[in-house]
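Below is one structure; the comments refer to it alone.
Along the sequence shown, residues carry numbers from 1.
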Amino acid sequence: MSTLLLGALMAVCGAAVIARPDTRIPAGVSAMILALVALPAANFGGFVLGTLLGVVGAASVLAWSRRPSPDSHGPSAVVHGDDESVGHQART
């Protein structure tokens, strides 16, 4: 029973990150704890393979960050190109 519960909770953590990327820190920490709990609770963590995949997946979620959008250059953005392209970008 604990194996099914741990697997279902890890799937919920993954779905939460996909549905709402701003929940990546709490979901990643929860998934990491669940993966480590699976080692003693679920047959050596699915023969160690499940624990390793859970730890790697949780670490990937925790390390993931969103790229800034290309429109958010800010005031220090430098535009390269000839005068015509610079003038066109300044008008839009």
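Ala58 approaches Gly28 most closely through the heavy-atom pair CB-O, 3.6 Å. The minimum heavy-atom distance linking Leu34 with Cys13 is given by the pair CD1-SG, 4.3 Å. Nearest heavy-atom pair, Ala42 versus Leu6, reported as atom, atom and distance to 0.1 Å: CB-CD1, 4.3 Å.
Note on Leu9: it clusters hydrophobically with Ile25, by side-chain heavy-atom contacts below 4.5 Å among ILVMFWY residues.
Legend: residues meeting side-chain contact (heavy atoms from CB on, under 4.5 Å) with Leu36, ordered by chain and number and at least two apart, are Met32, Val55. With sequence neighbours excluded, the residues satisfying side-chain contact (heavy atoms from CB on, under 4.5 Å) with Ile33 are Val29, Val37. Residues passing the side-chain contact (heavy atoms from CB on, under 4.5 Å) test with Leu53 are Leu49, sequence neighbours excluded.
Applying the under-4.5 Å side-chain rule to Ile, Leu, Val, Met, Phe, Trp and Tyr, the cluster around Val61 extends to Val17, Trp64.
Sorted by first then second residue, the side-chain hydrogen bond (donor to acceptor under 3.5 Å, both in side chains) pairs that include residues 31-40, not counting sequence neighbours, number zero. Residue pairs satisfying the side-chain hydrogen bond (donor to acceptor under 3.5 Å, both in side chains) criterion with at least one member in residues 21-30, sequence neighbours excluded, are listed as follows: Arg20-Asp22.
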